Amino acid sequence: MYCSKTCRQAAQTAQTRAERIAGRQGRTCLWCSGPIPAEARGDVIYCSKVCQGKAQADMQKTRRACQHCGKTFRGFGKFCSHSCYAASRRKRHPKTCPVCQVVFKPHRIEQVTCSRACRDELARRKRD
């Protein structure tokens with residue numbers, strides 16, 4: 001059917017590209033609701049750089065509350081500054097030991113039990 005392996009691969013590539021472009025028909029811009037070109041990548045959500053810039057500028061106007069300190073700020077993300085982000089990562093909340101039911105403050109975020117003895121007991125329970 002094809003004269004060579006190269007021609008067969010080129011035809012398959014062209015067919016796959018045409019199918020992909022046909023599948024992207026009818027997408028609309030999140031900012032202006034205009035059509036997004038079918039040739040654009042599959043993850044594109046704006047029809048142009050202009051619409052993308054307007055959407056980002058609008059998001060920066062939105063006031064948000066920092067999840068660590070509660071201060072309001074404009075911009076993206078959940079925290080007003082890198083220091084608040086870092087402090088929230090260091091914060092360790094009290095946990096309840098699943099073995100002895102004692103409330104303790106963990107030394108590490110992934111710590112589950114209050115002591116080595118409880119850790120060993122929990123491991124023994126899981127094995128049985």
Side-chain angles (χ1 to χ4, degrees):
M1 188 164 174
Y2 298 100
C3 63
S4 67
K5 181 179 177 181
T6 305
C7 285
R8 181 180 54 82
Q9 288 174 340
Q12 285 179 340
T13 301
Q15 180 183 2
T16 303
R17 186 170 190 268
E19 290 171 358
R20 195 177 319 125
I21 287 174
R24 293 180 184 160
Q25 294 291 337
R27 295 184 300 165
T28 57
C29 177
L30 287 181
W31 182 253
C32 71
S33 300
I36 295 177
E39 299 82 28
R41 290 188 340 232
D43 61 344
V44 171
I45 57 175
Y46 301 108
C47 64
S48 65
K49 293 282 186 187
V50 173
C51 283
Q52 181 180 5
K54 288 179 181 179
Q56 287 179 346
D58 186 58
M59 281 190 267
Q60 285 182 338
K61 291 177 186 174
T62 306
R63 294 194 74 73
R64 303 166 191 262
C66 178
Q67 286 189 354
H68 180 70
C69 68
K71 176 180 147 188
T72 59
F73 67 100
R74 288 189 177 115
F76 302 103
K78 301 174 184 177
F79 304 100
C80 63
S81 64
H82 182 72
S83 60
C84 277
Y85 165 74
S88 74
R89 299 282 294 163
R90 288 190 301 270
K91 194 179 225 179
R92 295 184 308 265
H93 302 286
K95 294 183 179 180
T96 303
C97 179
V99 176
C100 64
Q101 305 305 316
V102 171
V103 176
F104 69 100
K105 186 173 180 180
H107 297 288
R108 295 174 314 284
I109 293 173
E110 66 273 3
Q111 185 176 348
V112 177
T113 58
C114 63
S115 65
R116 289 182 182 173
C118 286
R119 181 191 64 194
D120 295 341
E121 176 64 21
L122 185 64
R124 187 187 64 74
R125 288 181 187 178
K126 287 183 180 180
R127 277 181 286 173
D128 295 339

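Fair warning: this is a prediction, and the values are worked out from it, not measured in the lab.
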Pairwise distance [atom1]([X]) to [atom2]([Y]) - rounded to 0.5 angstrom:
X: Ile45; Y: Ile36; atom1: CD1; atom2: CD1; result: 8.0 Å
X: Cys84; Y: Lys78; atom1: SG; atom2: NZ; result: 14.0 Å
X: Tyr2; Y: Arg8; atom1: OH; atom2: CZ; result: 8.5 Å
X: His107; Y: Cys114; atom1: NE2; atom2: SG; result: 10.0 Å
X: Arg127; Y: Leu122; atom1: CZ; atom2: CG; result: 10.5 Å
X: Ser48; Y: Lys54; atom1: OG; atom2: NZ; result: 8.0 Å

Ignoring hydrogens, what is the shortest heavy-atom contact between [X] and [Y]? Give both atom names and the distance.
X: Asp43; Y: Arg41; result: OD1-NE, 3.0 Å
X: Lys71; Y: Cys80; result: CD-SG, 4.4 Å
X: Val103; Y: Pro94; result: CG1-CB, 4.0 Å
X: Cys29; Y: Cys47; result: SG-N, 3.4 Å
X: Cys97; Y: Phe104; result: N-CE2, 3.7 Å
X: Val99; Y: Glu121; result: CG1-CG, 3.7 Å

Tell me if the CZ atom of Arg63 is crowded by more than 12 foreign heavy atoms within 6.0 Å.
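Atom CZ in Arg63 is packed in, count exceeds 12.
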Over 12 non-hydrogen atoms of neighbours within 6.0 angstrom of CZ in Arg125:
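Result for CZ/Arg125: enclosed.
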Test your reading of the model: is there a side-chain donor-acceptor pair from Arg119 to the backbone of Val112, 3.5 Å cut-off?
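Flag not set: sc Arg119 to bb Val112 has no pair under 3.5 Å.
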Under 3.5 Å: donor-acceptor pair, side chain of Gln15, backbone of Arg17
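The answer is no, because no donor-acceptor pair under 3.5 Å joins these two groups.
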Are His68 and Tyr85 close enough that some pair of their side-chain heavy atoms sits under 4.5 Å apart?
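Side chain of His68 against side chain of Tyr85, heavy atoms only: no contact under 4.5 Å found.
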SB check Asp128 Arg124 (cutoff 4.0 Å)
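Salt bridge between Asp128 and Arg124, a charged N being under 4.0 Å from a carboxylate O: yes.
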